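All values derive from a computational prediction rather than experimental measurement. Note: hydrogens, waters and symmetry copies are ignored here, and every other heavy atom, side chains too, is used. Residue numbers begin at 1 in each chain, while the letters A, B, ... track the order of the sequences.
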Amino acid sequence: MIGTGILKGMAVTARNFVGSYFDKERLITIQYPEERNPLPENYRNFPFLIYDGDDPHAGLRCVACKICEKECPPQCIYIVKSDDKKPDYMGKPQFYPKVFDIDISVCMSCQICVEVCPFEAIKMDKEFELSKRERFDALLSRKEELSKSNDYYHKIHPLEDAAAVAEAKKKAAAEAAAKAAAAKAAATKPPPVGDAASVPGKPTPSSQQ
Amino acid sequence: MDATVQTIEAMERPPVTMASRLEGELLEVSMGPQHPSTHGVFRMNVALEGEIVRKLKPVFGYLHRNHEQIGEHTSYLGSMPYTDRLDYFCSMSNNWAYALSVEKLAGIEVPERAEYLRVILAELTRLQNHASLLGFLLSDMGAWGTPLMYAFREREKILDLFESLAGSRMMCDYMRFGGCRLDASEEWLARAKQIVDRFPEFLDEFEELILGNEIVIGRTQNVGKLSAELAISAGITGPMLRASGVNYDVRKVDGYGFYPRFKFRIPLGNHGDTYDRLMMRALEMRESVGILKQAFAQIQPGPIVNPKVKVRAFRPPAGEAYGRIEAPKGELGFYLISDGGPNPYRYRVRPPSFINLTVLEDLCLGHTVADVMVILGSVDIVMGEVDR
């Protein structure tokens, strides 16, 4: 009979409409500014620079090698290398970026700068509410705005942090077992470099080369 | 009139005779580029006789971004995020096609788990692409909102999976030469499996909602018929070709990735009309669900990236390669020529939706203006890929 197909379709619509009052799964929208979904662990938005410790200048990991500037597909990174050197976290004198700008109106959040960085100095941020009232300079992020602490990185990547802590614990336990087995070597063995909170978590496999 | 744009006016016109005077003149209508049903910035110059389409000239290029030239000036890795922006509905498939051609060029092996992840992600992409296509097609027909929102509800679940795996909903930039960027956790696989297991429920509901609907049948059956001969000679690929009854699927023909390990069937149409093209998507989604279930059962832990591939200063040897996959819209291929340098000497994309669009005039002639939208919807174009 003609019209049954339409009626069947209407029944589906009615089921969804009524169901949205009772079934949580059929009501899928949330009221955004008040309610928020948690961001996934791997979410990425725009890059930022990591510094260790409390001082953004002294602890900045970036050594201005300009690899990210060269590899960035839309060429949104601009770096000027410093004339003098400053000690890095190991105490070795290194160059640092005098200017480090990222034009986030050009950046396409591809994460290639993170992958090519040999120093784990640049990571992806999760901040996404970035609307600005000004049209020009506001979207050019300077070094000062880009520098964020390592603690911040661990805060926005809780799972990776937990995995790194677990791995470090496992490593420490294995090392302790090895120490117990070879008790006389234990006294000369240096402690593992850095604890779980000061190393960034497990790097992506591709970034190890 | 803008002199730079070629219009119907500039095309040859029949001589004015007494008979044509009686019939009246052709009315030239410019549909798009801001028309909501043209799926992006696409314009059609349509010559109408009453409501019947007598000529149709597609005009595109509004979204041209010089993709191929950019690809020749960026490193091989640097082109990977740009491929996301071709067909922005199916960034995972685009990544795979590009990675496949570079792997062919440089002779790179891909670990087993990465191949499985690629199959899983490509089939998830197919599910969400076809689901949203059905929704868009129905909203083109006048079923505003409801079917599209149901389709987007399902698409959203898959995009959430992509976001939690790759970090971005649409611009995934997930695959790398010789593998994938990040490993999928067990929880992710379990969540994906759960979503895939429940996907047939959506398909049942959707088929009940529309496919028996008399209006849908009236609007799509015998509209925009594409013969198998024309489809083959015009180079049509993908669901549109199979709707015309030609058994050609790159997954079966090339057997790239791990597709030979999976059991699946290729749905074929009989009439080549819009209804067949619509049903083709619904049937393909069911086959994709089957492939995904097999892949979830077979995937094993292991490395996901070939450690021999360099990330920085990647230079494949001189030569050329063409890698192609069955993207949701058809055969997507990347043709690369390397001169041994850090960026390709030639970078060429074979975009399925652009080539499928070439027969639009043949499909639309003799139909009404309202049918043009339905036919265009069933071709399944994304302007990011058409214009590049």
For A:E145, all residues meeting salt bridge (Lys or Arg N to Asp or Glu O under 4.0 Å), sequence neighbours excluded: none
Heavy-atom check, side chain of B:Y82 versus side chain of A:P74, under 4.5 Å: yes
Side-chain donor-acceptor distances from residues 165-173 of chain B under 3.5 Å, at least two apart:
residue, atom, partner, partner atom, Å
B:S168, OG, B:M171, O, 3.4
B:R169, NH1, B:E156, OE2, 2.5
B:D173, OD1, B:R176, NH1, 3.1
B:D173, OD2, B:R176, NH2, 3.4

Nearest-0.5 Å distance that lies between atom CD in B:E163 and atom CZ in A:R44: 10.0 Å
A:M10 CE to B:L209 CG distance, which is reported to the nearest 0.5 Å: 10.0 Å
Reported CD-to-CE distance for the pair A:E115 and B:M80, which is rounded to 0.5 angstrom: 10.0 Å
Residue selection (most heavy-atom pairs with chain A, distance under 4.5 Å) from B:I215, B:T146, B:L77: B:L77
Neighbour count above 12 (heavy atom, 6.0 Å) for A:E35 CD: yes
OH (A:Y78) with more than 12 external heavy atoms under 6.0 Å: no
Over 12 non-hydrogen atoms of neighbours within 6.0 angstrom of OH in B:Y345: no
Value rounded to 0.5 Å, distance of CG in B:L182 from CG in A:N42: 5.0 Å
Distance-only donor-acceptor check, side chains A:N16 and B:R153, under 3.5 Å: yes
Under 3.5 Å: donor-acceptor pair, side chain of B:E214, backbone of A:I6: yes
Pair listing, side-chain hydrogen bond (donor to acceptor under 3.5 Å, both in side chains) test, anchored in residues 192-204 of chain B, at least two apart: A:E25-B:R198, B:R198-B:E201, B:D204-B:R286
Contacts of residues 94-107 of chain A with chain B (heavy atom under 4.5 Å): none
Proximity breakdown for B:S75 and chain A, heavy-atom pairs closer than 4.5 Å: side chain
Closest non-hydrogen atom pair between A:P73 and B:P81, with its separation: CG-CG, 4.0 Å
Euclidean distance, A:R15 CZ relative to B:E205 CD, rounded to 0.5 Å: 6.0 Å
4.5 Å side-chain heavy-atom contact, A:T13 and B:Y150: yes
